[in-house]
Trainee: 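One structure follows; several queries about it will come next.
Bear in mind that the values here come from a model prediction, so they are computed numbers and not experimental data. Lettering of chains follows the sequences in order, A, B, ..., and the numbering in each one begins at 1.
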2 protein chains.
Amino acid sequence: MELSVKVNDCKECIYRSWAFKNLSDDELKLINSRKKEKFFRKGELVCLEGDTVTSFLYLQTGLVKLYKTESNNREHIISIAKPMDFIGLLSIFSNTVHVYSITAIEDSIVCLVDLEVIKNLIKTNGVFAIDFFEKISKVADSVIKTRVDINTRQLRGRIAYILLHFSKHIYNSSKFNLPISRKEVAELIDMSTENVIRVLSEFRKDKIIQIEGKNIEILDIKRLEKIYDLG
Amino acid sequence: MELSVKVNDCKECIYRSWAFKNLSDDELKLINSRKKEKFFRKGELVCLEGDTVTSFLYLQTGLVKLYKTESNNREHIISIAKPMDFIGLLSIFSNTVHVYSITAIEDSIVCLVDLEVIKNLIKTNGVFAIDFFEKISKVADSVIKTRVDINTRQLRGRIAYILLHFSKHIYNSSKFNLPISRKEVAELIDMSTENVIRVLSEFRKDKIIQIEGKNIEILDIKRLEKIYDLG
DNA sequence: CGCGGCTTTGATGTTCATCAAGTAAAGTGG
DNA sequence: CCACTTTACTTGATGAACATCAAAGCCGCG
């Protein structure tokens, strides 16, 4: 059930990232005429691995996950994108098809801009080109950094990582509602579902966090950071 | 011992990547005047994590490794760049300092182009901008893909991966001289040095490869590919 | 020639995935 | 709305995968 609405004028868009700041009114009008805002309910597929890339995807609100489906049907989550993130990563330049599947993990609004319009703007507006690549590079860079961070740590450090990540970078609060299942956490940080639960329980017993289903509160952030640092 | 020479005219450079194909003679001349070719002996440092990024780095010949030094002084290799690769990854846009250190693992020639020149070309030559980002995106994309590939496999699959990687993508031969130590292999694919050796010995006993120090020959590529596929 | 780093093999212990089994929660169809 | 099914969550027990430790040979280099 995917709603397709064209609500906002790009010019007034409060979600407009700083990568789009150096555009003239005419250029914004152009984007506006070639963009769609789509609403995706939690759990809905945004795009599938292998789909041709026709739009540049920008997350206005909500959360989405990027993942690959392995041969054994297991999913492997590459990253979770938050509002203002460009989703779809670098595929828009390096590939004609999406390398990862994307699914909404919270009700989300995705802004789809015709890729040709973006490419034309890059060609004609040099300042925009630089801004744009700066932003897109940061997203890709942080994906690489995260993958390395996770893979050089062991289980407790990895759980500490996602708890801190959700708390600091996504919800800005020590108390939040985990948007993904234990299984998805496992797929995101390369561990088994059982061990995700085990480590979370451990942290609860140690009074580092409080858990009630998906409601999580970080009680002792200092210790959590220490666990993360030590790996 | 770092030699700084300005040998080639960019226009005649046989290492010129297709990202630089859509440049006018004047533009090439501009690059030429603001570039240096530096020779790095095997083992020499190209740049250190934290150095300010002033040049765009392009590998003409040789091999270099990108790596991070962990707090416990252990190195963690992110990727190995081969000729025609842009090294330094996306940091040129996303950061003012290098995120990774770079060291030559074979005698190498690196072409350093003043970053401002590149950024100006992006601003003024739209077609170049697109070409350039296409290429740079591919490099970054493949780094992400590789990290995921490695981390979803276990030891035998990881060793199979680097053997196939060096054979297919770097040396184009079933017989090659491993440019890095066992320890560095371990740092590249997240395993202990001892287990790198153990798995290599195993493969030798199984007649999959032949080893004499750093000289490696792949005898049974089909089985190696199978081991890689199975993880 | 001796020292330090690289390589190799075996033994040991830790970390972690997997299996099993049970409970709770959340859909689903009548 | 309730019985039914499925999916998510949780805990314990087991074994496999892997890192670490230890010891010895090897090679390059000052």
Side-chain angles (χ1 to χ4, degrees), chain A residues 1 41-44 65 70 72-77 103 105-106 150-163 177-206 209-216 227 230-231, chain B residues 1 41-43 65 70 72-77 103 105 150-163 177-206 209-216 227 230-231:
Chain A
M1 203 67 41
R41 202 170 296 281
K42 179 181 177 136
E44 264 185 306
K65 63 172 177 180
E70 307 286 334
N72 51 359
N73 245 350
R74 284 184 51 176
E75 285 181 5
H76 188 249
I77 301 178
T103 293
I105 57 177
E106 283 188 353
I150 286 173
N151 293 314
T152 53
R153 282 174 167 74
Q154 48 197 53
L155 304 197
R156 290 169 59 89
R158 293 186 203 175
I159 293 289
Y161 166 80
I162 35 127
L163 290 176
N177 199 287
L178 195 67
I180 54 179
S181 69
R182 313 293 198 249
K183 183 159 163 282
E184 284 171 313
V185 172
E187 287 164 354
L188 178 58
I189 57 182
D190 288 322
M191 52 192 281
S192 69
T193 310
E194 292 93 327
N195 279 330
V196 169
I197 292 160
R198 245 183 284 269
V199 175
L200 283 174
S201 302
E202 233 175 282
F203 284 180
R204 188 191 45 208
K205 279 173 205 149
D206 294 349
I209 56 171
Q210 193 169 8
I211 325 177
E212 279 171 50
K214 304 226 163 182
N215 282 19
I216 292 185
I227 291 169
L230 294 179
Chain B
M1 203 66 39
R41 203 170 296 281
K42 180 180 174 133
K65 64 173 177 181
E70 307 285 334
N72 50 359
N73 245 352
R74 285 183 51 174
E75 285 181 6
H76 188 249
I77 302 179
T103 292
I105 56 176
I150 286 174
N151 292 313
T152 52
R153 282 173 167 75
Q154 48 197 53
L155 303 199
R156 291 169 58 89
R158 293 185 203 176
I159 293 290
Y161 166 81
I162 35 128
L163 290 175
N177 198 286
L178 195 67
I180 54 178
S181 70
R182 313 293 198 247
K183 183 159 163 283
E184 284 171 313
V185 172
E187 288 165 353
L188 179 57
I189 57 182
D190 288 321
M191 53 192 280
S192 71
T193 310
E194 292 93 327
N195 278 331
V196 169
I197 292 160
R198 244 183 284 270
V199 175
L200 283 174
S201 302
E202 233 176 282
F203 284 180
R204 188 190 45 208
K205 279 174 205 149
D206 294 350
I209 57 172
Q210 194 168 8
I211 325 177
E212 280 171 50
K214 303 227 164 180
N215 281 20
I216 292 185
I227 291 169
L230 294 178

Trainee: Do B:Lys183 and B:Glu187 meet the salt-bridge criterion of a basic N to acidic O distance under 4.0 Å?
Mentor: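 A salt bridge is present here (some side-chain N lies under 4.0 Å from a carboxylate O).
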
Trainee: Let me know the distance between CZ of A:Arg153 and P of D:dA19, rounded to the nearest Å.
Mentor: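 Atom CZ in A:Arg153 sits about 17 Å away from atom P in D:dA19.
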
Trainee: I need the CZ-P distance between B:Arg182 and D:dC26, as an integer number of Å.
Mentor: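 About 16 Å, once rounded to whole Å.
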
Trainee: So, OP1 or OP2 of D:dA8: does either fall under 4.0 Å of a side-chain N or O from A:Lys214?
Mentor: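 No, A:Lys214 has no side-chain N/O under 4.0 Å of OP1/OP2 on D:dA8.
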
Trainee: From C-beta outward on B:Arg198, which listed nucleotide comes closest to its side chain: C:dT8, C:dT15, C:dG10?
Mentor: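 Nearest to the side chain of B:Arg198 among the choices is C:dG10.
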
Trainee: Between atom NE2 in A:His76 and atom C1' in C:dA17, what is the gap in whole Å?
Mentor: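 It is 15 Å, rounded to the nearest whole Å.
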
Trainee: Heavy atoms, side chains only, cut-off 4.5 Å: are A:Lys214 and A:Pro179 in contact?
Mentor: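 No, side chains not in contact.
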
Trainee: Can you identify which nucleotide, out of C:dA20, D:dC21, C:dT15, has its nearest atom closest to the A:Glu194 side chain?
Mentor: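 Given the options C:dA20, D:dC21, C:dT15, the side chain of A:Glu194 is closest to C:dA20.
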
Trainee: Could you check how far CG of B:Asp190 sits from C1' of C:dC16, rounded to whole Å?
Mentor: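 Answer to the nearest Å: 16 Å.
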
Trainee: Which part of the nucleic acid does A:Ser201 contact within heavy-atom distance under 4.0 Å: base, sugar-phosphate only, or nothing?
Mentor: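 Touches sugar-phosphate only.
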
Trainee: Within a strict 4.5 Å, meaning less than it, do heavy atoms of the B:Thr152 and A:His76 side chains meet?
Mentor: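 SC-SC contact between B:Thr152 and A:His76 confirmed.
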
Trainee: Quick one: side-chain contact (heavy atoms from CB on, under 4.5 Å) partners of B:Arg153, sequence neighbours excluded?
Mentor: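 By the side-chain contact (heavy atoms from CB on, under 4.5 Å) rule, B:Arg153 matches B:Asp149, B:Arg158, B:Tyr228.
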
Trainee: Whole-Å distance between D:dC27 P and B:Glu212 CD?
Mentor: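 Nearest whole value for this atom pair: 12 Å.
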
Trainee: When all nucleic acid strands are considered with a 4.0 Å heavy-atom cut-off, which category describes A:Ser181: base, sugar-phosphate, or nothing?
Mentor: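 Touches sugar-phosphate only.
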
Trainee: Checking contacts here: which listed nucleotide (D:dC18, D:dA19, D:dT11) is nearest the side-chain heavy atoms of A:Ile197?
Mentor: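 Side chain of A:Ile197 sits closest to D:dT11.
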
Trainee: For residues B:Thr193 and B:Ala186, report the shortest heavy-atom separation together with the two atoms involved.
Mentor: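 In this case the closest contact between B:Thr193 and B:Ala186 is N-CB, 3.7 Å.
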
Trainee: How long is the line joining CD1 of A:Ile150 and P of C:dC16, in whole Å?
Mentor: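 After rounding, the gap between these two atoms is 14 Å.
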
Trainee: Would you say B:Arg204 reaches C:dT9's phosphate, i.e. side-chain N/O to OP1/OP2 under 4.0 Å?
Mentor: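 It does, given that an N or O in the side chain of B:Arg204 lies less than 4.0 Å from OP1 or OP2 of C:dT9.
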
Trainee: Of the nucleotides C:dT7, D:dC21, D:dA19, which one has an atom closest to the side chain of B:Asn195?
Mentor: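 The answer is D:dA19, which lies nearest to the side chain.
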
Trainee: From D:dT20, C:dT9, D:dA19, pick the nucleotide closest to the side chain of B:Arg74?
Mentor: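 Closest nucleotide to the B:Arg74 side chain: D:dT20.
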
Trainee: Quick one: A:Ile189 CD1 to C:dC16 C1', roughly how many Å, whole number?
Mentor: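 The answer, rounded to whole Å, is 13 Å.
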
Trainee: Within this structure, what is the CG-to-P distance between A:Leu178 and D:dA8, rounded to whole angstrom?
Mentor: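 Interatomic distance, CG of A:Leu178 to P of D:dA8: 14 Å.
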
